[in-house]
Protein chains: 2
Amino acid sequence: MTVPEQRLQEALTTLKKSGVRITPQRHAVLEYLMQSMKHPTADEIYKALEDKFPNMSVATVYNNLRVFLDIGLVRELTYGDSSSRFDCNTSDHYHIICDECGKIVDFHYPSLNEVEQLAEQVTGFDVTNHRMEVYGTCEDCQQLAKH
Amino acid sequence: MTVPEQRLQEALTTLKKSGVRITPQRHAVLEYLMQSMKHPTADEIYKALEDKFPNMSVATVYNNLRVFLDIGLVRELTYGDSSSRFDCNTSDHYHIICDECGKIVDFHYPSLNEVEQLAEQVTGFDVTNHRMEVYGTCEDCQQLAKH
DNA sequence: TTCTTACATTAGAATGCTTATAATCTAGTT
DNA sequence: AACTAGATTATAAGCATTCTAATGTAAGAA
Ligand SMILES: [Mn+2]
Ligand SMILES: [Mn+2]
Ligand SMILES: [Zn+2]
Ligand SMILES: [Zn+2]
């Protein structure tokens with residue numbers, strides 16, 4: 001069993017344990033998320049599944065994403081005014097984003113605990129988490145720029 | 001002359017140099033931004049000025065914010081699906097945000113250059129910048145939670 | 001000062017993403 | 001097979017932001 005298949009099975013088990021029904025649409029959204037490496041938007045999921053489910057409502061995609069978020073199966077990534085993206089990799093990792101083509105790539109780095117600690121001392125906040133992304137131009141877009 | 005007043009004068013000079021007309025509405029939006037310490041939204045600016053300019057359009061606020069952004073007089077802060085906030089402090093600094101009340105506080109920390117360098121090496125991206133925010137509960141909200 | 005015009009403002013429509021509503025359907029249990 | 005809480009659907013609504021087209025005006029020129 002491949003890694004995405006395994007993650008899908010685990011996710012289905014988690015859903016059942018939470019008393020969430022497994023409908024064909026829900027299964028398909030989950031499956032697409034688990035096998036996708038590209039942090040899709042709700043609309044991308046909707047369009048990817050419209051052949052299989054021609055009558056599926058876009059609300060169904062949003063409803064299911066909400067369910068998955070609440071259970072902790074996916075993460076929501078928000079960037080400015082464009083649409084949210086969804087990440088089925090819930091382990092701690094950062095992202096690097098291409099300013100040209102919008103590509104989002106996973107990127108591992110030790111968690112910035114010193115920053116959180118200093119922020120706590122300086123501001124008096126009770127710190128819970130942080131967010132960090134790196135921006136630049138991906139290799140593909142660097143190549144394109146040369147020609 | 002106070003610091004906000006000085007910043008306003010400098011900003012007006014920059015606008016004139018760029019060939020941008022100084023209208024009463026534009027002046028008021030700029031003045032409000034420069035004296036505000038709270039990273040206002042477009043709508044907050046609009047509402048703050050409606051006594052002075054009862055006929056001002058919300059589009060005027062957005063238009064002027066865009067002009068200021070293009071010239072580099074303000075920064076836009078985007079958080080999830082809620083509305084953008086605008087920061088007249090264009091010097092390098094980070095933010096810490098209260099999860100309870102939404103307050104945004106400036107917070108200085110040396111720039112995370114090592115992160116950018118490592119990201120560049122690992123991903124092959126040509127890195128230009130990064131974004132980082134810390135989240136938690138502010139002191140006021142901590143006090144409220146105790147009672 | 002008056003004239004001129006390119007730029008700015010205004011009201012309202014339009015857009016894009018997301019959520020709400022209410023009718024219909026169905027997964028999973030009895 | 002019957003039941004029902006929960007899911008799906010089509011559509012409307014909400015919200016921040018941008019667009020459009022008519023009107024107004026800042027600032028330089030005459
Ligand atoms: Mn990721
Ligand atoms: Mn700031
Ligand atoms: Zn790219
Ligand atoms: Zn607070």
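Side chains included, hydrogens not; waters and symmetry mates left out as well; all remaining heavy atoms used. To find a chain, count down the sequence lines: A is the first, B the second, and so on, and within it residues start at 1.
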Margin query: Does D:dT11 have its OP1 or OP2 closer than 4.0 Å to a side-chain nitrogen or oxygen of A:Ser57?
Written below: no

Note to self: Quiz question: by atom type and distance under 3.5 Å, do the side chains of B:Ser91 and B:Asn89 form a donor-acceptor pair?
What the structure shows: yes

Item checked: Members of residues 35-56 of chain A that approach DNA chain D, where some heavy atom sits under 4.0 Å away -> A:Asn55, A:Met56

Margin query: With a sphere of 6.0 Å drawn around NZ of A:Lys38, does it hold more than 12 non-hydrogen atoms of other residues, nucleotides or ligands?
Written below: yes

Determine all donor-acceptor pairs shorter than 3.5 Å in which one atom belongs to a side chain in residues 137-144 of chain A; sequence neighbours excluded.
unit_1, atom_1, unit_2, atom_2, d
A:Asp140, OD2, A:Lys103, NZ, 3.1
A:Gln142, NE2, A:Thr137, O, 2.9
A:Gln142, NE2, B:Gly124, O, 3.0

Between protein and nucleic acid, restricted to nucleotides 19-30 of chain D and to nitrogen or oxygen atoms under 3.5 Å apart, what atom pairs and distances do you find?
unit_1, atom_1, unit_2, atom_2, d
D:dA27, OP1, B:Ile22, N, 3.0

Check: Can you tell me how far CG of B:Leu30 sits from CZ of B:Arg7, rounded to the nearest 0.5 angstrom?
Finding: 10.0 Å

Solution key, residues 16-24 of chain A side-chain donor-acceptor pairs under 3.5 Å, sequence neighbours excluded:
unit_1, atom_1, unit_2, atom_2, d
A:Ser18, OG, A:Thr14, O, 2.9
A:Thr23, OG1, A:Arg26, N, 3.1

Checklist line | Whichever hydrophobic residues join B:Ile97 through chains of side-chain contacts under 4.5 Å | finding: B:Leu77, B:Tyr79, B:Ile104, B:Tyr135

Next item on the list: Tell me whether B:Val127 is reachable from B:Val122 by hopping between hydrophobic residues (I, L, V, M, F, W, Y) whose side-chain heavy atoms are closer than 4.5 Å.
Entry: yes

Notebook entry, point to check: Rounded to the nearest 0.5 Å, how far does CG of A:Leu65 lie from CD1 of A:Ile45?
Noted result: 4.5 Å

Checklist line | Donor on one side chain, acceptor on other, A:His95 and A:Asp87, under 3.5 Å | finding: yes

Notebook entry, point to check: Is A:Ser82 touching bases, backbone alone, or none of the nucleic acid, heavy atoms closer than 4.0 Å?
Noted result: nothing

Item checked: Donor-acceptor pair between A:Glu76 and A:Ser84 side chains, under 3.5 angstrom -> yes

Check: Which part of the nucleic acid, if any, lies within reach of A:Thr60 when heavy atoms closer than 4.0 Å are counted: base, sugar-phosphate only, or nothing?
Finding: base

Check: Contact boundaries of DNA chain C with chain A (under 4.0 Å, heavy atoms), 5' to 3'?
Finding: C:dC17 to C:dG28

Check: Taking only N and O in the side chain of B:Tyr62, is any of them less than 4.0 Å away from OP1 or OP2 of D:dT18?
Finding: no

